Amino acid sequence: GESVGLHLPTLSVQEGDNSIINCAYSNSASDYFIWYKQESGKGPQFIIDIRSNMDKRQGQRVTVLLNKTVKHLSLQIAATQPGDSAVYFCAENFPKLSFGAGTTVTVRA
Amino acid sequence: GAGVSQSPRYKVAKRGQDVALRCDPISGHVSLFWYQQALGQGPEFLTYFQNEAQLDKSGLPSDRFFAERPEGSVSTLKIQRTQQEDSAVYLCASSLGGPTGPNVLTFGAGSRLTVL
């Protein structure tokens, strides 16, 4: 069956450094992936998405990389800021979203 | 409205009580989704609607859970005879398009249900 998971449950990053959050998926038929950010007490907030016909997509300070060969997805955040502290989820859309457990990112000042 | 609105934000129920959670999606959004998020976990799909039609309810945990969207806009998630394991945050999301293409779901802040 389908499953989406993140490699590490927590990530501590120095302010100003780049962050990399990883995600593995098992459904090779998945053709759409999404990253969400969730702050305490709030709902998930859309960050960036990517379709399976792409390897890379860039947004503002964020880049998503998709490696279909090893079924791996990553989110890179450039120049991490304190406001980036949150839980990050990757999800597949097929059409309903299937979320992993999330990675908690803590930014150290 | 500007975003997805959910009410109540917090609900405390005694075991066995019925609860109703409301979702006001973004105006014009065709699809509406309900998710359940346990503490420290990712959201789990419950059900979704395209307009007033409930296309998938495979995630509803039991027949105590019921969702409706009678006019294709506001939706209500009802939980009958609540149990302690129903304690969670219930998230509603809406999206502009139908269910077959890529969907960017916009989530509400959620309704936190605590069953005592």
Side-chain angles (χ1 to χ4, degrees), chain A residues 1-10 21-27 29-54 57 59 62 64 66 73 75 86-105, chain B residues 2-10 21 23-26 29-50 53-60 67 88-112:
Chain A
E2 305 89 0
S3 68
V4 179
L6 295 175
H7 289 311
L8 294 173
T10 62
I21 306 167
N22 295 304
C23 178
Y25 64 95
S26 62
N27 184 4
S30 293
D31 65 358
Y32 186 66
F33 303 89
I34 307 172
W35 282 98
Y36 280 89
K37 166 187 178 182
Q38 187 173 28
E39 297 172 283
S40 181
K42 297 183 179 180
Q45 177 186 358
F46 171 76
I47 301 174
I48 193 168
D49 58 1
I50 188 169
R51 300 201 71 169
S52 60
N53 60 355
M54 301 173 67
R57 191 173 186 203
V62 295
V64 56
L66 176 62
L73 191 69
L75 177 70
V87 180
Y88 289 79
F89 295 98
C90 64
E92 294 173 84
N93 182 316
F94 60 93
K96 58 195 185 189
L97 291 178
S98 178
F99 286 82
T103 292
T104 300
V105 173
Chain B
V4 177
S5 179
Q6 294 188 245
S7 61
R9 287 295 317 276
Y10 304 93
L21 308 176
C23 174
D24 283 86
I26 293 173
H29 276 197
V30 170
S31 296
L32 184 146
F33 301 76
W34 284 99
Y35 284 79
Q36 180 190 59
Q37 187 173 26
L39 188 64
Q41 302 297 316
E44 294 281 347
F45 170 83
L46 294 177
T47 184
Y48 84 87
F49 295 82
Q50 185 176 1
Q54 190 174 20
L55 297 187
D56 189 331
K57 55 181 181 179
S58 61
L60 295 176
V89 174
Y90 290 87
L91 295 164
C92 177
S94 68
S95 70
L96 185 62
T100 57
N103 284 294
V104 175
L105 273 63
T106 301
F107 283 84
S111 292
R112 180 179 295 277

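Naming: A, B, ... by sequence-line order, numbering from 1 per chain. Since we're looking at a predicted model, the values are computed, not measured.
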Whether A:Tyr36 side chain and B:Phe107 backbone form a donor-acceptor pair below 3.5 Å: no

Identify which of [options] forms the greatest number of heavy-atom pairs closer than 4.5 Å to chain A.
options: B:Gly42, B:Pro43, B:Ala93; result: B:Pro43
options: B:Gln6, B:Gln41, B:Arg9, B:Gln37; result: B:Gln37
options: B:Gly40, B:Gly110, B:Ala109; result: B:Ala109

B:Tyr48 side, atom OH; A:Leu97 side, atom CG - distance, nearest 0.5 Å: 11.0 Å

Spacing of CG belonging to B:Leu91 relative to CD belonging to A:Gln38, to within rounding of 0.5 Å: 6.5 Å

Interchain contact, B:Ser111 with chain A, by part (heavy-atom threshold 4.5 Å): neither

Ring pair (Phe, Tyr, Trp, His ring centres under 6.0 Å) between A:Phe99 and B:Tyr35, worked out: CA-CA 10 Å; A:Phe99 286 82; B:Tyr35 284 79; 5.8 Å; yes

Side chain to side chain contact (heavy atoms under 4.5 Å, CB included) evaluation trace for B:Val104 with A:Ile34: CA-CA 8 Å; B:Val104 175; A:Ile34 307 172; 5.8 Å; no

Atom CD of B:Glu44 with >12 non-hydrogen neighbours under 6.0 angstrom: no

